[in-house]
Amino acid sequence: MPELPEVETVVRDLRPLLVGRALGAARRSAFALRRPWDDAWDDALADRRVVGLRRRGKWIVVDLDDAARLQVHLGMTGRLTVHPADEAVAVHTHLAFPLDDGRELRFNDARRFGSAAYFADEAALQAFFAAQKLGPEPFDLDPAAWWRDLHGTSRMLKPVLLDQTVVAGVGNIYADEALFEAGLRPTRRGSGVTRAQAEKLRRAIVAVLTRAIERRGSTIRNYVGGSGLGGGYQDEFRVYGRTGEPCPACKGPVRHLRLGGRSSHYCPHCQG
DNA sequence: ACAGGATCCTGGGGGC
DNA sequence: TGCCCCCAGGATCCTG
């Protein structure tokens, strides 16, 4: 569910609520997340103070005062939110850290595709990202490298955009929206894209993500920011989830197709 | 290298 | 009201 704009919104919401706060002993649910929690992490995290929050791709990183890092991925249905400690705990809450201000940081994830992990220092965290071969941030994409990546693959553009080793943070919604913005079909082969088209696509990715961040991301079902407030970009979708509805440009029907198990939405007239 | 399918899960919506 | 099937902002693993 959460892609780059949603994760960025969570980080921005949580920053004022968490920085300066100390974490108490974590409470955990009996369910395992995608990556199992190591019991040793409980002691390592207890009483640590939060000094910063940031995003890398779709990953949330909480910086702690002993240089350790708490890393969270929201998967499809994850929520990372702060609540009054006495507020009822929602079902599917898998991690809860009491804060020293009477509140609580809670990680809730119905489908449990998300994860949370501890890293002793920045080097360990970066080693993890390196092992994942996590690609560059969309805003930092080097135009020449991006074109080489596209030109050098016979894969279709849609799966390339979803590939976190090529560019980090783009997911199903913003891939479709960026391809529409660039006038390129999801099925176009990377190797068949001109340099100008690659640049148009790169700029479309940046524009769509920037606008979505301004709107606090997209709320379709589960997603909320760190303060519990949802997003508004779903009101600006031009093709995503709009199968059969008129294309905002040519008024022809938006089409749907399945690529790599994911839904893709596009306008056959405007996207060549 | 790449495509497609299955898998991990729960919940909501549509059709009957 | 109930059931069954399909779908979902992600990622990974296996097969052909």
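No experiment lies behind these values; they were computed from the predicted model shown. Atoms considered below: every heavy atom in the structure, side chains included; atoms not considered: hydrogens, waters and symmetry mates.
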Which part of the nucleic acid, if any, lies within reach of [X] when heavy atoms closer than 4.0 Å are counted: base, sugar-phosphate only, or nothing?
| X | result |
| --- | --- |
| A:S218 | base |
| A:G261 | nothing |
| A:Q132 | sugar-phosphate |

From [options], nucleotide with atom closest to [X] side chain:
| X | options | answer |
| --- | --- | --- |
| A:R262 | C:dA8, B:dC2, C:dG10 | C:dG10 |
| A:S263 | C:dG10, C:dA8, B:dA3 | C:dA8 |
| A:T153 | B:dC2, C:dC7, B:dT10 | B:dC2 |

Ignoring hydrogens and geometry beyond distance, is a side-chain donor-acceptor pair present between [X] and [Y] at under 3.5 Å?
| X | Y | answer |
| --- | --- | --- |
| A:S218 | A:Y174 | yes |
| A:R69 | A:Q126 | no |
| A:H265 | A:S263 | no |

Round to a whole Å and report the spacing from [atom1] of [X] to [atom2] of [N].
| X | N | atom1 | atom2 | answer |
| --- | --- | --- | --- | --- |
| A:H265 | C:dA8 | NE2 | P | 7 Å |
| A:I220 | C:dC7 | CD1 | C1' | 12 Å |
| A:R189 | B:dA1 | CZ | P | 16 Å |
| A:R258 | B:dA3 | CZ | P | 16 Å |
| A:K58 | C:dG10 | NZ | P | 4 Å |
| A:L150 | B:dA1 | CG | C1' | 16 Å |
| A:L33 | C:dA11 | CG | P | 15 Å |
| A:F113 | C:dA8 | CZ | P | 13 Å |

Quiz item: Between C:dA8 and A:T77, is there an OP1 or OP2 to side-chain N/O distance shorter than 4.0 Å?
Solution: no
Quiz prompt | A:Q164 side-chain N/O to C:dG10 phosphate OP1/OP2 under 4.0 Å | solution = no
Quiz item: If you find the nucleotide of DNA chain B closest to A:R34 and the one closest to A:H92, which residue's nucleotide is nearer the 5' end?
Solution: A:R34
Quiz item: In terms of ring plane angle, is the pair A:W147 and A:H151 parallel, tilted or perpendicular, where the classes change at 30° and 60°?
Solution: parallel
Quiz item: Which class fits the ring pair A:W59 and A:F128: parallel under 30°, tilted 30 to 60°, perpendicular over 60°?
Solution: perpendicular
Quiz item: If you measure from the P atom in C:dC7 to the same atom in B:dG5, how many Å do you get, rounded?
Solution: 13 Å
Practice problem: Just need the stems in DNA chain B: three or more back-to-back Watson-Crick or G-U pairs, each with both distances under 3.5 angstrom, sorted by first number. | Solution: B:2-8 with C:10-16, B:10-16 with C:2-8
Self-check item: NZ/NE/NH1/NH2 to OD/OE distance under 4.0 Å, A:R27 and A:E104
Solution: yes
Quiz prompt | Over all atoms of both residues, closest heavy-atom pair of A:L4 and A:E137 | solution = CD1-OE1, 3.9 Å
Exercise. State whether the side chain of A:K133 and the backbone N or O of A:A130 hold a donor-acceptor pair below 3.5 Å, judged by distance alone.
Key: no
Exercise. Check if the side chain of A:R111 and the base of B:dC9 share a donor-acceptor pair of N or O atoms closer than 3.5 Å.
Key: yes
